[in-house]
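All heavy atoms count here, side chains included; hydrogens, waters and symmetry mates do not.
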Amino acid sequence: MENSAPVSAVNANRLFYGSCFALITTALSFSIRAGILPELGEELSLTAEQLGYINSMWFLGFPISMVIGGLIYHKVGGKIIMQFAFFAHAVGIIMTIYSGSYVGLLISTLLIGIGNGCTEAACNPMIADAYEGSRMSKMMNRFHMWFPGGIVIGSLVSNFMTKAGMSWESQIWVIMVPTLIYAYLFFAQPWPKAKVQEAATLGGNLKAMISPLFLFMVACMALTAISEFGPQQWVSLILSKSGANPMVILALVTGLMAVARYFGGEMVHKFDQTGVLLGSAVLATIGVYLFSTQTGTMAYVAAIFFALGIAYFWPNMIGFIADKIPKSGALGMSILGAVGMFSSSIFQPIIGGWIDSDKAEAAAQGLTGDELELVAGQATLGTMVLFPGILIVLFTILYFWVKNRKADPAVAA
């Protein structure tokens, strides 16, 4: 692998900090772009449907580059992948500002999504190779804390700049700041070699990925991702009629997620990934159930349970693969992340259909206005309890499976 080195020769902390700023870039591209969408649509006379297609490019580029990055990680190295991520981010940001057209925004958003996927494809395996044991779990959680943490930062920055009368273009320029920082931190740095030799070969990756444990985790990942992104995408719309402030709910959820992930390493050290994932599924189920039944102040209590539940899903699913199925390598981690994104994309219109159906049912009962919106929305959230509810069963199975399982050379170290 080009420019790879033994772990002892790698400046792991500098690479880690670079990874964090790259993930902040991803988070800012998510939150700031969302904040400027109304202004962007008005200035360029774009319909809601066109804005929706622009947003979809962000989710499309992400899994595509994750899978490709995972396939080539051990051939070209994480350094090359992150150089391409910088190119995609920088060009995407500049195109967003200067394209001035619908097609230009589609392309620029796709490029930013590709850069975001490259970040996951390169940085997850780097952290897995640069750190050992419980420290790896700790650093994986602290890396992933910067997605919700970056969303909080981006939301506050966008809100402040909008109120200050600053243009949407100036807000997009803010995304370039962490982009330039991560490029500097990664510059001329060697990346660690794979700790497990088979992890650096496609044959070794594929053999590990057809194991029952990996396939089981793929199914779980589809459910953990939609348990996180499903309610999160729709809860603001649903709760806007409940007496709770949707933006406060969003800030509470993302803020608590960032704090929880900061301490994620200690949780994994005490309970292992399997115990953490099982506990997360229980808390997430309670949170979504409370969202579906409570209004007003209790919605904030629901947000606390929900945030603490979903906080550990993504980093510890990736960490589980790195720790328990290391031979799947960078490709295994990338495939798992891509499944999560594809799952989120596939389920979004399904959830939308549930909302439409629940609205029709509420209207048939004679409900109108805000009452109709709230009753229908909470009915949909009630259906979404199924996602984390199923995970309680699956992660219980996983907990005892891993606990009682002897080391299997096909899936273990």
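Between W314 and G337, the shortest heavy-atom distance links the atoms CH2-O, 3.4 Å. Contact detail for S328 and N205: the closest heavy-atom pair is O-ND2, 3.2 Å. Minimum heavy-atom separation, S170 to M161: OG-CE, 3.4 Å. Residue L331 comes nearest to V67 through the heavy atom pair CD1-O, 4.2 Å, listed as atom of the first residue, atom of the second, then distance. Across V288 and L381, no two heavy atoms sit closer than the pair CG1-O, 3.4 Å. The shortest heavy-atom contact between Q378 and S292 is CB-O, 3.2 Å.
When the shell of 6.0 Å around OH of Y399 is examined, it contains 12 or fewer heavy atoms from other residues, nucleotides or ligands. Within 6.0 Å of CD on E39 lie more than 12 heavy atoms contributed by other residues, nucleotides or ligands. Crowding of Q365 atom CD: a count of heavy atoms from other residues, nucleotides or ligands under 6.0 Å exceeding 12. For OH of Y300, the number of neighbouring non-hydrogen atoms (other residues, nucleotides, ligands) closer than 6.0 Å is greater than 12. The number of heavy atoms from other shown groups lying within 6.0 Å of CZ (F16) is above 12. Annotation: F160, atom CZ; neighbour count of heavy atoms from other residues, nucleotides and ligands within 6.0 Å does not exceed 12.
For the pairing with T274, the side-chain contact (heavy atoms from CB on, under 4.5 Å) check across D272, V276, L278 returns one residue only, D272. Test T47, I54, L44 against Y102 for side-chain contact (heavy atoms from CB on, under 4.5 Å) and you get one pass: I54. Each of I107, L105, L110 was compared with M57 under the side-chain contact (heavy atoms from CB on, under 4.5 Å) criterion, and only L110 meets it. Checked against S29 for a side-chain contact (heavy atoms from CB on, under 4.5 Å), the options T179, N116, I172 give a single hit: N116.
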Name every donor-acceptor pair, under 3.5 Å, that has one atom in a side chain of residues 144-156 and the other anywhere in the protein, sequence neighbours excluded.
residue : atom : partner : partner atom : Å
H144    : NE2  : N124    : OD1          : 3.0
S155    : OG   : I151    : O            : 2.8

Listing, residues 385-396 side-chain donor-acceptor contacts under 3.5 Å, not counting sequence neighbours, or none:
residue : atom : partner : partner atom : Å
T396    : OG1  : I392    : O            : 2.6

Assess whether side chain to side chain contact (heavy atoms under 4.5 Å, CB included) is satisfied between S211 and F214, documenting all intermediate values. CA-CA 5 Å; S211 67; F214 186 88; 3.5 Å; yes
Side chain to side chain contact (heavy atoms under 4.5 Å, CB included) evaluation trace for Y182 with Y17: CA-CA 8 Å; Y182 85 67; Y17 294 138; over 6 Å; no
Checking side chain to side chain contact (heavy atoms under 4.5 Å, CB included) for the pair T25/I112: CA distance, chi angles, key distance, verdict? CA-CA 9 Å; T25 301; I112 290 174; over 6 Å; no
Stepwise, does the side chain to side chain contact (heavy atoms under 4.5 Å, CB included) test hold for M139 with C20? CA-CA 10 Å; M139 302 310 280; C20 291; over 6 Å; no
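For the residue pair E228 and S344, no side-chain donor N or O sits within less than 3.5 Å of a side-chain acceptor on the partner. Side-chain contact annotation: S137 with D323, donor-acceptor N/O pair under 3.5 Å absent. Checking K324 against Q273 by side-chain atom types alone, a donor-acceptor pair falls below 3.5 Å.
The distance from the CD1 atom of I93 to the OG1 atom of T109 is 11.5 Å, given to the nearest 0.5 Å. Note: T293 OG1 to F291 CZ = 10.5 Å, rounded to the nearest 0.5 Å. Q171 contributes atom CD, which lies 4.0 Å from atom OG of S158 (distance to the nearest 0.5 angstrom). The distance from the CG atom of L15 to the CE atom of M82 is 10.5 Å, given to the nearest 0.5 Å. I36 CD1 to T96 OG1: the interatomic distance, rounded to the nearest 0.5 Å, is 7.5 Å. Between atom CD1 of residue I114 and atom CH2 of residue W58 there is a gap of 13.0 Å, rounded to the nearest 0.5 Å.
Under the 3.5 Å distance criterion, the side-chain polar atoms of S45 are left unmatched by any main-chain donor or acceptor of G41. Judged by distance alone, with hydrogens and angles left aside, the side-chain atoms of Y312 form a donor-acceptor pair with the main-chain N or O of A260 at under 3.5 Å. Between the side chain of S357 and the backbone N or O of G353 there is no donor-acceptor pair closer than 3.5 Å. Between the side chain of R261 and the backbone N or O of A311, at least one donor-acceptor pair lies under 3.5 Å. Not a single donor-acceptor pair under 3.5 Å links the side chain of Y262 to the backbone N or O of M257.
Taking the side chain as every heavy atom from C-beta outward, M140 and I318 approach each other to under 4.5 Å. For the pair T26 and F30, the minimum side-chain heavy-atom distance is 4.5 Å or more. C123 is not listed as a side-chain neighbour of L23, based on a closest heavy-atom distance of 4.5 Å or more. Between P212 and W401 there is a side-chain heavy-atom pair separated by less than 4.5 Å. Residues M221 and S343 form no side-chain contact, since every pair of their non-hydrogen atoms from C-beta on lies 4.5 Å or further apart. Proximity of F306 to P231: side-chain heavy atoms (C-beta onward) are separated by under 4.5 Å at one or more points. With a 4.5 Å cut-off on side-chain heavy atoms, I310 and V253 count as touching. No side-chain heavy atom of K207 sits under 4.5 Å from any side-chain heavy atom of K327.
F186 does not carry R14 over the face of its six-membered ring by the limits of under 6.0 Å from the centre and within 45° of the normal.
By the salt bridge (charged side-chain N to carboxylate O under 4.0 Å, His left out) test, D358 is found to be paired with no residue, residues two or more places apart in sequence or in another chain being considered.
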